[in-house]
Amino acid sequence: TSITSAKIQVNGVHLHYQQTGEGSHAVLLLPGMLGSGQTDFGPQLKSMNKQLFTVVAWDPRGYGKSIPPSRDFPPDFFERDAKDAVDLMQALKFKKFSLLGWSDGGITALIAAARYPNLIHKLVIWGANASVTQEDVRIYNGIRDVSKWSEKVRKPLEELYGHKYFAETCEAWVDGISRFAENSDGNICQQLLPDIKCPTFIIHGEKDPLVPQAHAEYIHKHIKGSQ
């Protein structure tokens, strides 16, 4: 039941991950914006069934303990995270694995499932979106200033990053994700959804303050057989 913590070199960066359990079903947990394995998935690392699953939680480059490098948001940052995530699991010698992605991690998981269908066993996402609307941009700008966040959400991230890195990275994220609104239909990965062949479960909180429910409905409609 112990949780190991380590770094491994993938695509020219040292990615931090935590691993626990010895089950035959390998699962990768993908955190959301500014998140890390520990801040976003502490309860899952502790409580998921360790006989059934081998659980890996990663810190995407520039997040958590996968610094350096500093986090940046080039136009292909979701594609880059998807490749990093899959290559991390392959470096850890998992032949096939499932993805559990929250928020930005859900977007990353959608791209990975579409791009690497032979490697992905099952997919669970929550709080994810495949496009960015002007309304979404308005919502994102509402969280640009981290000093306005609730203390409950802000404090663990301030402890993880220090105030300056946290504040600057949040602003950079808002700018980075808002750029997708300039694409046709605000596209992030809409065209990839029909390529997802694995069993897919989509969860959405009806009070999600950042991602309107229409996004979950769109993803469900465009992934054949999803629930």
Side-chain angles (χ1 to χ4, degrees), residues 2-20 26-46 55-94 97 99-112 125 127-128 140-141 143-180 188 210:
S2 67
I3 299 169
T4 59
S5 178
K7 279 189 161 185
I8 189 166
Q9 187 163 347
V10 176
N11 299 327
V13 295
H14 289 91
L15 294 175
H16 176 262
Y17 68 95
Q18 291 164 284
Q19 184 173 331
T20 186
V27 172
L28 177 64
L29 309 176
L30 298 96
M33 174 263 275
L34 279 161
S36 67
Q38 190 56 49
T39 55
D40 285 7
F41 294 115
Q44 287 78 8
L45 283 162
K46 196 171 143 208
V55 182
V56 178
W58 81 309
D59 299 356
R61 64 170 74 198
Y63 285 163
K65 293 180 179 169
S66 294
I67 304 171
S70 293
R71 182 71 180 182
D72 63 348
F73 299 95
D76 66 344
F77 73 89
F78 283 119
E79 296 272 356
R80 181 181 68 182
D81 282 349
K83 183 166 174 25
D84 282 350
V86 168
D87 290 351
L88 166 74
M89 291 300 276
Q90 293 205 290
L92 295 175
K93 304 284 187 274
F94 295 108
F97 45 92
L99 301 173
L100 275 68
W102 135 250
S103 186
D104 273 15
I107 300 172
T108 301
L110 289 169
I111 294 170
I125 59 163
Y140 300 150
N141 276 301
I143 65 158
R144 178 184 290 275
D145 180 356
V146 297
S147 68
K148 295 183 176 145
W149 290 25
S150 74
E151 190 181 356
K152 178 174 172 250
V153 181
R154 189 181 71 233
K155 205 167 171 208
L157 292 169
E158 263 179 358
E159 284 169 4
L160 179 63
Y161 293 116
H163 178 76
K164 185 173 184 286
Y165 188 91
F166 170 43
E168 288 175 358
T169 306
C170 181
E171 285 196 22
W173 176 84
V174 171
D175 292 339
I177 195 152
S178 296
R179 277 200 302 270
F180 288 103
I188 301 174
L210 210 56

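None of the values given here were measured: they were computed from a predicted structure. Heads up: numbering here begins at 1 and tracks the sequence.
Remark: Ser147 engages Asp145 in a side-chain hydrogen bond (donor to acceptor under 3.5 Å, both in side chains) (not counting sequence neighbours). For Thr20, the side-chain hydrogen bond (donor to acceptor under 3.5 Å, both in side chains) partners are Lys50, not counting sequence neighbours. Residues that satisfy the side-chain hydrogen bond (donor to acceptor under 3.5 Å, both in side chains) test with Ser70, not counting sequence neighbours, are absent from this structure. Ile67 meets the side-chain contact (heavy atoms from CB on, under 4.5 Å) test with Tyr161, Tyr165; sequence neighbours excluded. With sequence neighbours excluded, no residue forms a side-chain hydrogen bond (donor to acceptor under 3.5 Å, both in side chains) with Glu159.
For the pair Arg80 and Asp72, the salt-bridge criterion is met [side-chain N within less than 4.0 Å of a carboxylate O].
Put simply, OH on Tyr17 and CG on Leu29 are 14.0 Å apart, with the number rounded to the nearest 0.5 Å. For the atom pair Lys7 NZ and Lys65 NZ, the distance stands at 9.0 Å (nearest 0.5 Å). Taken to the nearest 0.5 Å, the CZ atom of Phe77 stands 7.0 Å off from the CD1 atom of Ile107.
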With ring pair (Phe, Tyr, Trp, His ring centres under 6.0 Å) as the criterion, how do Phe41 and Trp102 come out once you've worked through the C-alpha distance, each side chain's angles and the decisive distance to 0.1 Å?
CA-CA 10 Å; Phe41 294 115; Trp102 135 250; 8.3 Å; no
Audit row: Leu100, Leu28, side-chain contact (heavy atoms from CB on, under 4.5 Å) steps and yes/no:
CA-CA 6 Å; Leu100 275 68; Leu28 177 64; over 6 Å; no
From CA spacing to verdict: side-chain contact (heavy atoms from CB on, under 4.5 Å), Gln38, Leu45
CA-CA 8 Å; Gln38 190 56 49; Leu45 283 162; 4.1 Å; yes
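With contacts defined as side-chain heavy-atom distances shorter than 4.5 Å, the pair Leu34/Thr169 qualifies. You'll find the side chain of Ser5 reaches within 4.5 Å of the side chain of His16, heavy atoms only.
What you find for Cys170 and Ile143 is that their closest heavy atoms are SG-O, 3.4 Å. Between Tyr63 and Met33, the shortest heavy-atom contact is OH-CA, 4.0 Å.
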Could you list the donor-acceptor pairs under 3.5 angstrom formed between side-chain atoms of residues 82-92 and any protein atom two or more places apart in sequence or on another chain?
unit_1: Lys83; atom_1: NZ; unit_2: Asp87; atom_2: OD2; d: 2.7
unit_1: Asp84; atom_1: OD1; unit_2: Asn11; atom_2: ND2; d: 2.9
unit_1: Asp84; atom_1: OD1; unit_2: Arg61; atom_2: NH2; d: 3.1
unit_1: Asp84; atom_1: OD2; unit_2: Arg61; atom_2: NE; d: 2.7
unit_1: Asp84; atom_1: OD2; unit_2: Arg61; atom_2: NH2; d: 3.2
unit_1: Asp87; atom_1: OD2; unit_2: Asn11; atom_2: ND2; d: 3.1

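Other residues, nucleotides and ligands contribute over 12 non-hydrogen atoms within 6.0 Å of the CD atom of Gln9.
For the side chain to side chain contact (heavy atoms under 4.5 Å, CB included) test with Trp58, the passing option among Ser66, Ser36, Pro31 is Pro31; the others fail.
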